[in-house]
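Each remark here refers to the structure printed beneath this line.
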Amino acid sequence: PSAINDQWPELALELQLSSEGTLDQYQAQLQAHVDGNDFQPVDLDLVLQGSTDHVRVDSAKITAAEGAVDISGEVDWAESLRWQAQLAVDRIDPSIYEGMVAARISGMIAADGEITSERIGYRVQVQDLDGIFSGPELAIKGDLQLEGTEEGLSLGAARLHSNGGTLLL
């Protein structure tokens with residue numbers, strides 16, 4: 001990428017892709033390793049399958065330093081655009097990227113939604129959020145539920161605990 005735009009960081013990419021099938025029924029596996037000057041190495045392992053009207057991510061794992069994100073989900077566009085996904089975040093540290101604060105963040109995120117000619121609807125739910133931030137030391141725990149339509153966004157429920165205090169919405 002730095003050969004295209006000198007503002008992009010230097011990257012080293014190792015990529016292995018295998019697939020089989022047709023557009024009517026396909027499967028693919030992808031393994032990637034990305035290394036750069038501005039961040040620690042990142043690995044991706046992805047397994048998916050699909051057809052002309054949907055794609056399902058059976059498993060995707062992104063690892064960086066000591067943290068990992070596990071992802072699964074599906075997008076279907078046969079009759080309307082529908083999606084659902086789950087992310088399990090385990091000890092992600094944003095400081096692996098230059099300029100970000102050191103932390104350890106874990107939690108579960110679920111999202112689903114649908115777009116039809118009549119409506120837009122989506123939900124995002126964060127469960128078991130657990131984060132520890134350094135300098136000054138801050139620990140948070142919480143849950144959050146958001147729902148949205150074409151008319152706007154609503155906060156279903158929120159609970160946040162931080163250094164002895166609790167915020168409930």
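Since we're looking at a predicted model, the values are computed, not measured.
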Ser51 vs Gln25, side-chain hydrogen bond (donor to acceptor under 3.5 Å, both in side chains): CA-CA, chis, key distance, verdict: CA-CA 5 Å; Ser51 68; Gln25 190 72 29; 5.4 Å; no
Whether over 12 other heavy atoms sit under 6.0 Å from Glu66 CD: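 Not more than 12 within 6.0 Å, no.
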Over 12 foreign heavy atoms within 6.0 Å of CG, Leu17: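 Yes, because the 6.0 Å sphere around CG of Leu17 holds more than 12 heavy atoms from other groups.
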Distance in Å, Gln86 CD paired with Asp112 CG, rounded so as to fall on 0.5 Å steps: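 Taking CD in Gln86 and CG in Asp112, the distance rounds to 9.0 Å.
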Distance (rounded to the nearest 0.5 Å) between Lys61 NZ and Asp70 CG: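 If we round to the nearest 0.5 Å, Lys61:NZ and Asp70:CG are 4.5 Å apart.
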Residues Arg91 and Asp93 bridged, charged N to O under 4.0 Å: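 No, no charged N to carboxylate O under 4.0 Å.
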Side-chain donor or acceptor of Trp77 paired with backbone N/O of Thr52 under 3.5 Å: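 Checked: pair present.
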Closest approach of Leu48 to Val57 (non-hydrogen atoms, all atoms of both residues):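 Answer, listing the atom of Leu48 first, then Val57: CB-CA, 4.2 Å.
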For Ser80 against Thr116, the heavy-atom pair lying closest together: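 Of all heavy-atom pairs spanning Ser80 and Thr116, the closest is CB-CG2, 3.5 Å.
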pair [X]-[Y]: side-chain heavy atoms closer than 4.5 Å:
X	Y	value
Asp58	Gln49	yes
Val124	Ile109	yes
Gln16	Gln29	no

Test item: side-chain donor near acceptor, Ser154 and Glu147, under 3.5 Å: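 No pair is found: no donor N or O on one side chain lies under 3.5 Å from an acceptor on the other.
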